[in-house]
Asker: 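Shown below is the structure under consideration.
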Amino acid sequence: MSDATAKKEERRKFQAIRGTRDLLPPETALWNRVEQTSHEVFSTFGYGEIRLPIFEQTELFARSIGIDTDVVSKEMYSWVEGWEDANFAIFREWSMKRDPESAQVLRFMGPLRASKPREKRDLGPLSQNTYMTLDGVETIARFKYRVALMDVLELQDAGMAYQQQGKAMPQLLLVTVPGTIPEGMESFAAKANVTLEKIHIDDFEPPQLLALRPEATASVCRAYIEHNMQQLPQPVKLYYTGPMFRRERPQKGRYRQFYQIGAEILGGTDAPAIDAEVIEMLMTFFDKVGLQGATLYINSIGHNAENCRRGYVAKLKSALEKVKDKLGPDSQRRIDTNPLRVLDSKLESEQPIIAKLPHIADHLCDECKTHYAAVKRQLELRGVLYQENWRLVRGLDYYMRTTFEITAPGLGSQNAVCGGGRYDGLVELLGGPPTKGIGFAIGEDRLILSLQESGKAKLAQGRDVYIAWMGERAYATAIRAAKDLRKAGFSVELPPAEQKFGKALGQADKLGAKYALILGDNEVSEALWTLKTLADGTQQKLTEPDLLQFLRNQKRVSS
Ligand code: AMP
């Protein structure tokens, strides 16, 4: 590398990763205000804050959000932990002892994947490696044994690769550590040409697939189970705030690191009043932060039974089959994978077709119908305005009955600021007891954007008081004055070096200060301080206690 290039490298500018951003003052003051309001409002409804880890096992999300969703299959930031280092060495040592000849090619293969990526590019570099080896069937076939830690799917894929080439699968030796054997592995091994050998290794920490959280409901449910919260008085009401991560295509209102404020209510009953109160709390919060033009949409998606949602989905599917050729490729695919999701489509050309599809409300069972009617009545009792939207669905089995969404103006196509719904099956799905649940997640980035667009975000920026001091004696007084004013809650700027008064006042103006406290020798010896109101240039002389009182009164008037 030439010196010049090296210098250039050195000067390389780092930038925030696409889809992430820095939040800067004064905007961060608005973020704080929004979060503070959530603490205040949610606590008046009896919710307590939960702080959760930012990464969890990938499988937690795969199970709760669903393997076939975009969020899990395409958008998660996940990685394998405990792969290369200690575990690899342990396996290598073990395999060398066992079969020195093949030890050269022995690999400790394939992490235990939680998702089912079917295409190579969906896999991390590690698994891509695995696939490359598996594709090179000849390479594998040369060896009698392979020592591998694979998962069932990889084995199945390998089997298929051999079959396609008209070859028998070679005998595989699969070494696993008890406790890490994936579901279905033993029965698969029995059928295929696979010898499963379980070895015990002290202190073995199985490799884990971890992911940055794409949302927090699953984590809240995990924590509910982990900390036996079902033993607390039910329901348990929790809320959280923090960053979430999804590898989406960035655009206005859509980021790869974004922030949510969410709440979950777990346990107890599924009384319609609970659904209505969650929504009431949400609308109270939006009102308090000053969000204008928010619209609440609600729907009921029944429950996962033949006489309710399953029956509806079957009808929807056959209606969709009839119009299949008029739909785009995404919707066509969803007819088989998840027909309800077709209703989410924003594609202009599909709108008239979707409008004619059957509505779920006509297919709800009696209990779900009654529940939905009661939720609406309860909302009315609470004075919460809503609109019904029969197309508001959630594509996962454990979601049931109430779903809701809130949109806000000023956001373009990404206009949903909040989504929520009832998910009575989720805690059980994650290994806990049957537990009722309902919750929501607010997109904080979008909420802030909407507040800014509506001009509701005008913040009193700048300082309350700028202290313009001159002279050593005055400086000592200035330090004390700054301390007392800050203690009384005022924002104070105390310049670190002496400046001429003219310059100091100019600086105060630039910082947007409301007042300049002028402290020179005269002020100190007379014990009368000069306070200049920068907006109109008026000046007054006050004793220290009077000055504090004056500022307090002014603050009360303006807030
Ligand atoms: P979801 O967890 O997908 O139900 O989303 C709940 C809310 O989070 C949405 O209504 C959005 O306001 C917000 N949200 C979801 N994904 C993003 C993203 N990539 N960027 C910004 N906000 C998002």
Side-chain angles (χ1 to χ4, degrees), residues 23 28-54 213 215-244 258-292 294 296 375 378-379 381-386 402 404-406 408 417-423 426-427 435-448 450-451 456-457 459 489 559:
L23 302 170
T28 38
L30 180 58
W31 285 74
N32 278 327
R33 180 162 74 73
V34 163
E35 283 159 23
Q36 187 54 35
T37 308
S38 76
H39 300 312
E40 284 163 17
V41 173
F42 297 175
S43 69
T44 63
F45 282 79
Y47 285 67
E49 185 183 7
I50 180 166
R51 297 199 182 195
L52 299 155
I54 284 186
R213 60 181 187 191
E215 54 112 68
T217 302
S219 304
V220 176
C221 292
R222 186 219 13 91
Y224 179 86
I225 300 166
E226 190 171 332
H227 303 287
N228 287 321
M229 290 192 222
Q230 66 272 16
Q231 283 167 13
L232 302 173
Q234 304 293 301
V236 173
K237 302 176 183 180
L238 298 166
Y239 76 95
Y240 59 84
T241 65
M244 310 292 157
F258 61 99
Y259 296 78
Q260 286 187 336
I261 300 176
E264 317 288 348
I265 174 161
L266 293 163
T269 73
D270 61 356
I274 292 182
D275 305 40
E277 197 187 77
V278 165
I279 297 174
E280 179 193 0
M281 176 170 91
L282 193 53
M283 300 316 278
T284 308
F285 165 72
F286 281 141
D287 190 47
K288 199 120 193 223
V289 290
L291 181 70
Q292 289 174 337
L296 164 69
V375 171
Q378 287 278 347
L379 284 173
L381 272 176
R382 291 168 163 77
V384 176
L385 300 177
Y386 62 84
T402 313
F404 52 96
E405 184 173 274
I406 289 133
V417 279
C418 176
R422 177 164 280 289
Y423 50 79
L426 181 55
V427 172
T435 306
K436 307 285 180 204
I438 182 166
F440 62 77
I442 298 165
E444 196 177 355
D445 307 71
R446 293 189 194 169
L447 170 59
I448 300 271
S450 186
L451 291 173
K456 270 278 163 185
L459 285 166
S559 65

Asker: Distance only, no hydrogens: is a donor on one side chain within 3.5 Å (strictly under) of an acceptor on the other, for Glu264 and Tyr224?
Answerer: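 Per modelled atom types, Glu264 and Tyr224 side chains form no pair under 3.5 Å.
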Asker: Do Glu405 and Leu296 pass the side-chain contact (heavy atoms from CB on, under 4.5 Å) test, and can you show the C-alpha distance, the side-chain angles, and the key distance before you say yes or no?
Answerer: CA-CA 6 Å; Glu405 184 173 274; Leu296 164 69; over 6 Å; no
Asker: Kindly state whether the ring of Tyr47 and the ring of Tyr239 have centres lying under 6.0 angstrom apart.
Answerer: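 Here the rings of Tyr239 and Tyr47 have centres that are no less than 6.0 Å from each other.
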Asker: Establish, from distance only, whether the side-chain atoms of Gln234 and Gln230 form a donor-acceptor pair under 3.5 Å.
Answerer: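 Note: Gln234 and Gln230 side chains miss the donor-acceptor criterion.
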Asker: Is it true that Arg422 and Asp270 have a side-chain N and a carboxylate O under 4.0 angstrom from each other?
Answerer: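 No.
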Asker: Nearest 0.5 Å please: distance from the CD1 atom of Ile442 over to the CD1 atom of Ile448.
Answerer: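 So the gap between those two atoms works out to 11.0 Å.
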Asker: Could you tell me the separation between the CH2 atom of Trp31 and the CG atom of Leu451, rounded to the nearest 0.5 Å?
Answerer: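 Going from the CH2 atom of Trp31 to the CG atom of Leu451 covers 10.5 Å.
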Asker: Are the side chain of Asp445 and the backbone of Phe258 linked by a donor-acceptor contact shorter than 3.5 Å?
Answerer: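 Side chain of Asp445 to backbone of Phe258: no pair is present.
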Asker: Calculate, to the nearest 0.5 Å, the distance between atoms CD and OG1 belonging to Gln378 and Thr402 respectively.
Answerer: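 Rounded to the nearest 0.5 Å, the CD-OG1 separation comes to 11.0 Å.
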Asker: So which heavy atom on Arg213 is nearest to which on Pro53, and how close?
Answerer: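 What the structure gives for the nearest pair is NH1-O, 3.5 Å.
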Asker: Go through the steps to decide whether Arg222 and Ile225 satisfy the test side-chain contact (heavy atoms from CB on, under 4.5 Å), and finish with yes or no.
Answerer: CA-CA 5 Å; Arg222 186 219 13 91; Ile225 300 166; 5.7 Å; no
Asker: Specify whether Phe285 and Phe42 have parallel, tilted or perpendicular ring planes, treating 30° as the upper limit for parallel and 60° as the lower limit for perpendicular.
Answerer: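 If you compare the ring of Phe285 with that of Phe42, the planes turn out tilted.
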Asker: Check for a donor-acceptor pair, side chain of Glu215 on one end and backbone N or O of Ala218 on the other, with a separation under 3.5 Å.
Answerer: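 Yes; judged by distance alone, with no hydrogens or angles, the pair exists.
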Asker: So, do Gln260 and Phe440 sit near enough that their side-chain heavy atoms are less than 4.5 Å apart?
Answerer: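 Answer no - side chains too far apart.
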Asker: Looking only at atom types and distance, does a side-chain atom of Ser450 sit under 3.5 Å from a main-chain N or O of Leu447, one as donor and one as acceptor?
Answerer: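 No.
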Asker: Decide, yes or no, whether a salt bridge links Arg51 with Glu49 under the criterion of side-chain N to carboxylate O below 4.0 Å.
Answerer: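 Yes.
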